[in-house]
Protein chains: 2
Amino acid sequence: MAKVAECDERSSRRRLPPGERRQQIVDGAVAFFAEVGLEGNTRDLAKRLGVTQSLLFNYFATKDDLIEAVYEQVYLNRLSPDWPTRLTDRSVSLRQRLLDFYTEYSTLIFQYEWMRIFMFSGLYGAQLNRRYLKHLGDVILRPLLGEIEFAARSDETPVMEDIWNLHGGIVYIGIRQHIYRMPCPDDPSEAISRAVDRFLLSFGIAPGD
Amino acid sequence: MAKVAECDERSSRRRLPPGERRQQIVDGAVAFFAEVGLEGNTRDLAKRLGVTQSLLFNYFATKDDLIEAVYEQVYLNRLSPDWPTRLTDRSVSLRQRLLDFYTEYSTLIFQYEWMRIFMFSGLYGAQLNRRYLKHLGDVILRPLLGEIEFAARSDETPVMEDIWNLHGGIVYIGIRQHIYRMPCPDDPSEAISRAVDRFLLSFGIAPGD
DNA sequence: CTTTTTATAGATCATTTGCTCAATAAGACT
DNA sequence: AGTCTTATTGAGCAAATGATCTATAAAAAG
């Protein structure tokens with residue numbers, strides 16, 4: 001075998017600043033684990049990244065540490081902190097607030113990586129998953145219940161389980177799309193607005209407010 | 001009836017008829033894989049069953065074969081064949097048909113093993129999962145759309161995506177309970193009936209019919 | 001009882017997989 | 001240029017894991 005590849009761009013090693021390389025690894029790991037599951041092996045991941053497997057352990061002491069970094073990357077900034085206030089801003093119609101939220105939220109979460117990492121981490125009982133759901137309930141859905149109670153014109157009073165039902169019906173679109181890989185509408189916004197309108201109507205809240 | 005069962009559980013070796021042993025392995029595998037995921041290893045499974053690991057391979061040529069048997073066991077008889085006719089039986093009020101279906105269906109699927117094996121198999125793209133969902137859409141939800149169209153009194157016409165929304169909102173209860181392990185109502189029937197009523201109301205269908 | 005059958009156990013193989021470490025070379029600095 | 005730092009590699013270890021094979025003993029048959 002002749003040692004030819006001295007300056008071959010593709011096969012020669014490329015040094016990156018540690019911060020950059022670390023981020024590259026995390027990004028690749030997110031895509032990789034989302035696809036094959038969290039038990040995907042580090043050799044395949046390294047191959048996909050175009051680096052050696054041992055390099056991964058230069059940036060993460062254990063595979064679990066890497067997965068933890070994947071979790072943090074994926075869960076980061078998924079719940080914008082300004083939604084609680086926007087959802088309770090009664091200068092905007094309740095319907096509009098709900099549409100704004102779920103339009104924005106669905107574009108954020110109806111993504112292959114998020115949906116699948118979220119589901120995997122949920123199945124394996126990851127703490128971040130539980131914390132996220134508790135947070136969602138506390139700062140989004142619970143205030144939402146209050147807003148709907150306030151706006152309700154029918155004799156029916158909403159309970160928390162109703163809000164989870166609205167939320168679940170919408171989230172289920174993303175589950176069908178990315179977990180089950182079923183054919184789904186390209187744009188879920190119509191399905192969302194119809195679900196929101198049905199929900200509000202049942203509490204006597206007309207589209208106007 | 002047989003007195004085989006009085007054998008000492010801790011005794012070194014217990015012979016079972018092959019059919020019985022096979023079923024015991026499949027049952028144990030369902031519980032085991034539901035808990036730890038489909039990558040759970042065969043040694044832990046054997047330990048839990050109280051048999052040697054090599055015995056598993058006497059009944060299943062490969063681990064994949066065992067998992068296939070797990071799938072079949074779990075997916076078997078989950079969709080009763082008489083629901084299509086019951087759901088379209090217009091001598092019963094539409095609301096009652098929906099309540100009957102989802103009450104029965106939720107007791108069938110809101111179970112730890114089913115929910116988790118279904119989700120794992122979905123994530124890994126199992127054929128049985130896709131076939132199940134297609135079947136569900138074809139023989140349950142599609143006819144349901146027809147029934148709601150027929151009974152609708154409002155100007156709104158339901159579309160398939162609305163039915164998936166109703167379905168998803170209900171199924172999400174089981175996902176919260178068994179995938180995310182969140183605190184959930186012990187009995188989901190009230191949440192279900194409220195969701196059904198909201199849905200019907202939005203199409204102008206009163207509880208009477 | 002003895003013999004036969006075969007379900008089961010125990011030892012073991014061949015890979016796979018997480019992880020380590022010394023050697024190497026890319027890029028920065030003089 | 002030459003030197004130094006360190007990001008990266010390649011070889012390899014130890015444990016885990018799917019799978020194999022033969023010896024064993026439980027239960028049935030004679």
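In what follows, every chain begins at residue 1, and chains take the letters A, B, ... in the order their sequences are listed. On a predicted model such as this, the values are computed, not experimentally measured, just so you know.
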For atom CD of A/Gln53 and atom C1' of C/dC19, their distance in whole Å: 7 Å
Identify whether any heavy atom of B/Arg43 sits under 4.0 Å from a base atom; if not, whether one sits that close to sugar-phosphate; answer base, sugar-phosphate or nothing. base
Counting distance only, does the side-chain N/O of A/Arg95 pair as donor-acceptor with the main-chain N or O of A/Asp197 below 3.5 Å? no
Rounded to the Å, how far apart are A/Leu55 CG and C/dC19 C1'? 13 Å
Between A/Tyr59 (OH) and D/dT8 (P), how many Å, whole number? 4 Å
With a 4.0 Å cut-off on heavy atoms, is A/Pro17 in touch with a base, just the backbone sugar-phosphate, or nothing at all? nothing
For a quick check, tell me whether the side chain of B/Thr52 and the base of C/dG10 share a donor-acceptor pair closer than 3.5 Å. no
Could a donor-acceptor pair under 3.5 angstrom be found where the side chain of B/Arg14 meets the base of C/dT8? no
Side-chain N,O (B/Thr42) to OP1/OP2 (D/dT17) below 4.0 Å: no
Hey, does A/Leu56 reach any base, or is it just sugar-phosphate, or nothing, if we go heavy atoms under 4.0 Å? nothing
Phosphate contact (C/dT8 OP1 or OP2) by B/Arg21 side-chain N/O below 4.0 Å: yes
Decide, yes or no, whether a salt bridge links A/Arg194 with B/Glu161 under the criterion of side-chain N to carboxylate O below 4.0 Å. no
May I ask you to check whether B/Gln24 and B/Arg21 show a side-chain donor-acceptor distance below 3.5 Å? yes
Just compare D/dA26, D/dC21, C/dC19 and give me whichever is closest to any side-chain atom of A/Phe57. C/dC19
Figure out the CG/C1' separation between B/Asp65 and D/dT20, and round it to whole Å. 16 Å
D/dT17 C1' sits how many Å from B/Leu66 CG, rounded? 14 Å
Decide, yes or no, whether a salt bridge links A/Glu39 with A/Lys63 under the criterion of side-chain N to carboxylate O below 4.0 Å. no
Does a side-chain N or O of A/Asn41 approach OP1 or OP2 of C/dT17 to a distance below 4.0 Å, or not? yes
B/Lys63 has an atom NZ; how far is it from atom P of D/dA19, in whole Å? 8 Å
Between A/Leu16 and B/Thr62, the residue closer to the 5' end of DNA chain D by nearest nucleotide is A/Leu16
Looking only at atom types and distance, does a side-chain atom of A/Ser80 sit under 3.5 Å from a main-chain N or O of A/Trp83, one as donor and one as acceptor? no
Roughly, in whole Å, what's the span from NZ in B/Lys47 to C1' in D/dA16? 12 Å
Let me know the distance between CD of B/Glu39 and C1' of C/dT17, rounded to the nearest Å. 14 Å
So, is B/Asn58 close to the C/dT8 phosphate, meaning a side-chain N or O under 4.0 Å from OP1 or OP2? no
